Amino acid sequence: MKVIWNSQIVEREEVKIDPEDRGYQFGDGIYEVVRAYNGKFFCIDEHIERLYTSASKIEMAIPQTKDKMKRLMIQLLEESEVDTGNLYLQVTRGIASPRNHVYPDLSVLPTITGNITVVPRDAEKISTGIKTIIEQDIRWLKCDIKSISLLGNIMAKHEAHKKNAEEAILHRDGIVTECSASNVAIVKNGTIYTHPDSNLILPGVTKIVWLKCAKKLGIEVKEEPFTLEQLNEADEVFCSSTTIEVMPIHTINGYAVNNGQIGQVTQKLAKAFQEEIEQVCGKV
């Protein structure tokens with residue numbers, strides 16, 4: 001199996017992670033997940049841009065240019081011969097000894113790894129929706145950085161798993177932020193509401209695409225915070241991410257949204273999002 005290892009493509013068994021890598025010791029790193037359909041990446045430039053933005057927010061200098069990184073990613077996809085799947089790309093601050101909380105100087109180069117896994121598109125789930133729960137948002141206050149420090153996220157996700165749900169909708173003092181691994185939005189009287197980009201949520205690449213789709217469809221969108229009460233009174237609820245696209249939510253804490261039926265706005269957005277994919281990657 002081929003993987004990205006710093007500036008080249010190598011066999012997976014050649015990769016060795018040092019015990020003093022700051023990603024391993026501190027979670028001092030960032031990542032991106034890029035979706036591929038029909039052997040082509042979707043929104044690759046947007047994901048690369050977010051990766052480098054996250055790096056700048058933690059004062060990390062990625063040695064490769066954006067163009068070089070893009071070429072490496074495309075080369076890995078081609079050599080892996082994966083049709084539909086996910087590229088996981090991770091950049092840590094590198095190996096620094098002795099262990100020290102302070103950032104090392106720039107002579108310490110980041111460690112870059114990337115691998116591709118086959119993950120089929122779940123068209124059935126996109127059409128039928130998922131079950132969710134509500135959890136308090138206990139994460140740190142820089143959620144706009146796509147950090148590999150995801151303990152708060154996985155704790156919430158695991159709570160959902162224990163309750164036979166697939167996502168956890170997070171809130172801070174009654175204000176809905178996002179889900180454990182996706183952005184979230186509600187629909188009320190034909191208008192979409194979603195939390196504005198800030199330090200409290202990750203600026204979603206998929207969200208950028210469905211916002212564009214909503215504009216094309218003439219659907220009003222208000223990027224403003226909404227409450228748990230508004231969530232419970234919503235006509236429709238959906239979440240979105242690179243791996244799940246526009247995903248309807250039919251159940252929250254055991255309560256059926258819209259009597260368990262997927263609303264028209266969500267259906268239209270999901271269809272328009274699929275069309276965006278097909279313009280870039282072909283029929284899915």
Side-chain angles (χ1 to χ4, degrees), residues 1-96 104 106 108-121 144-151 153-154 157 181-182 202-206 208-209 241-245 277 280-281:
M1 178 180 179
K2 297 290 185 69
V3 298
I4 292 173
W5 176 235
N6 294 324
S7 61
Q8 55 188 326
I9 307 293
V10 302
E11 295 294 335
R12 181 169 181 165
E13 54 267 26
E14 294 181 42
V15 176
K16 308 295 181 185
I17 302 301
D18 193 287
E20 294 198 275
D21 187 287
R22 289 179 62 90
Y24 178 76
Q25 292 188 336
F26 295 110
D28 186 1
I30 55 174
Y31 76 101
E32 277 293 329
V33 178
V34 189
R35 190 84 169 122
Y37 302 90
N38 300 321
K40 296 180 181 178
F41 284 124
F42 182 62
C43 290
I44 185 172
D45 292 325
E46 291 84 352
H47 282 287
I48 290 173
E49 188 62 37
R50 188 170 63 177
L51 179 75
Y52 281 75
T53 297
S54 289
S56 69
K57 288 180 178 180
I58 61 170
E59 300 178 40
M60 180 190 292
I62 300 176
Q64 284 79 10
T65 65
K66 294 176 186 178
D67 285 343
K68 169 65 174 177
M69 188 68 77
K70 182 177 180 177
R71 289 196 299 271
L72 273 173
M73 294 162 69
I74 292 172
Q75 181 184 347
L76 178 63
L77 181 61
E78 291 173 347
E79 294 191 18
S80 300
E81 298 182 342
V82 170
D83 181 66
T84 300
N86 301 330
L87 165 65
Y88 178 82
L89 186 69
Q90 177 171 294
V91 186
T92 74
R93 204 177 298 273
I95 303 164
L106 296 179
V108 174
L109 296 177
T111 301
I112 302 171
T113 54
N115 65 285
I116 294 179
T117 54
V118 175
V119 183
R121 182 172 183 265
D144 54 314
I145 299 169
K146 201 165 176 65
S147 166
I148 61 175
S149 304
L150 291 173
L151 186 58
N153 300 69
I154 65 172
K157 189 84 166 182
S182 57
L202 181 71
V205 170
T206 299
I208 292 171
V209 178
S241 78
T242 296
T243 56
I244 64 173
E245 300 175 23
I277 294 171
V280 178
C281 303

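This one's a predicted model, so the numbers in the text were calculated from it and none came from an experiment. Computation of the quantities below employed the complete heavy-atom set of this structure, encompassing side-chain atoms and omitting hydrogens, waters and symmetry-equivalent molecules.
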Hey, are the side chains of Glu32 and Lys146 touching, using non-hydrogen atoms and a 4.5 Å cut-off?
yes
Using every non-hydrogen atom in the two residues, find where Trp5 and Lys16 come nearest and quote the distance to one decimal.
CH2-O, 3.2 Å
Of the non-hydrogen atoms in Ser241 and Ser182, which two are nearest, and what is the gap between them?
CB-CB, 3.9 Å
Could you report the tightest heavy-atom contact between Met69 and Leu51, atom names first, then the distance?
CE-CD2, 4.4 Å
Do Lys2 and Val10 come close enough that some side-chain heavy atom pair is under 4.5 Å?
no
Interatomic spacing from CE in Met73 to NZ in Lys70 - rounded to 0.5 Å
9.5 Å
For the atom pair SG (Cys43) and CD1 (Ile48), what is the distance rounded to the nearest 0.5 Å?
11.5 Å
Does Lys57 have more than 12 heavy atoms from other residues, nucleotides or ligands lying within 6.0 Å of its NZ?
yes
Hey, mind stepping through Val108 and Ile95 against side chain to side chain contact (heavy atoms under 4.5 Å, CB included) and telling me if it holds?
CA-CA 7 Å; Val108 174; Ile95 303 164; 5.6 Å; no
Non-hydrogen side-chain atoms of Thr111 and Asp18 separated by less than 4.5 Å:
no
Test Leu89 against Val34 for side chain to side chain contact (heavy atoms under 4.5 Å, CB included), laying out the working first.
CA-CA 8 Å; Leu89 186 69; Val34 189; 6.0 Å; no
Compare every heavy atom of Asp21 with every heavy atom of Thr92, then report the nearest pair and how far apart it is.
OG1-OD1, 2.8 Å
Considering only heavy atoms from C-beta outward, does the side chain of Ile4 approach that of Ile112 to under 4.5 Å?
yes
Residue pair Val33 / Thr243, side-chain heavy-atom distance below 4.5 Å:
yes
Do Lys157 and Asn153 touch side chain to side chain, with heavy atoms closer than 4.5 Å?
no
When you compare the side chain of Val118 with that of Thr84, does any pair of heavy atoms fall below 4.5 Å?
no
Arg35 and Glu245 ion-paired at < 4.0 Å:
no
Are the side chain of Arg93 and the backbone of Ile58 linked by a donor-acceptor contact shorter than 3.5 Å?
yes
From Asn115 CG over to Thr117 OG1, what is the distance, rounded to the nearest 0.5 angstrom?
6.5 Å
Value rounded to 0.5 Å, distance of CD1 in Ile30 from CZ in Arg50:
10.5 Å
Test item: Gln90 side-chain N/O and Gly29 main-chain N/O as donor-acceptor pair under 3.5 Å
no
Under 4.0 Å between a side-chain nitrogen and a carboxylate oxygen: does that hold for Glu49 and Lys66?
yes
As an exercise, state the distance from CD1 of Ile44 to CD of Glu46, rounded to the nearest 0.5 Å.
9.5 Å
Shortest non-hydrogen separation from Ala36 to Phe41 and the atoms involved:
CB-CD2, 4.0 Å
Tyr88 OH: over 12 foreign heavy atoms closer than 6.0 Å:
yes
Tell me, with the steps shown, if Thr242 and His47 meet side chain to side chain contact (heavy atoms under 4.5 Å, CB included).
CA-CA 10 Å; Thr242 296; His47 282 287; 3.0 Å; yes
Taking atom CD of Glu81 as the centre, report whether more than 12 heavy atoms of other residues, nucleotides or ligands fall under 6.0 Å from it.
no
Pairwise side-chain contact, Val91 with Met60, heavy-atom cut-off 4.5 Å (strictly under):
yes
Shortest non-hydrogen separation from Ser80 to Ile116 and the atoms involved:
OG-CD1, 4.2 Å
Do the side chain of Tyr52 and the main chain of Thr65 share a donor and acceptor less than 3.5 angstrom apart?
yes
Given the rule in the side chain to side chain contact (heavy atoms under 4.5 Å, CB included) test, do Val15 and Val3 qualify, once you have shown the distances and angles that lead to the verdict?
CA-CA 8 Å; Val15 176; Val3 298; 3.6 Å; yes
Roughly how far apart are Arg121 CZ and Ile244 CD1, rounded to 0.5 Å?
12.0 Å
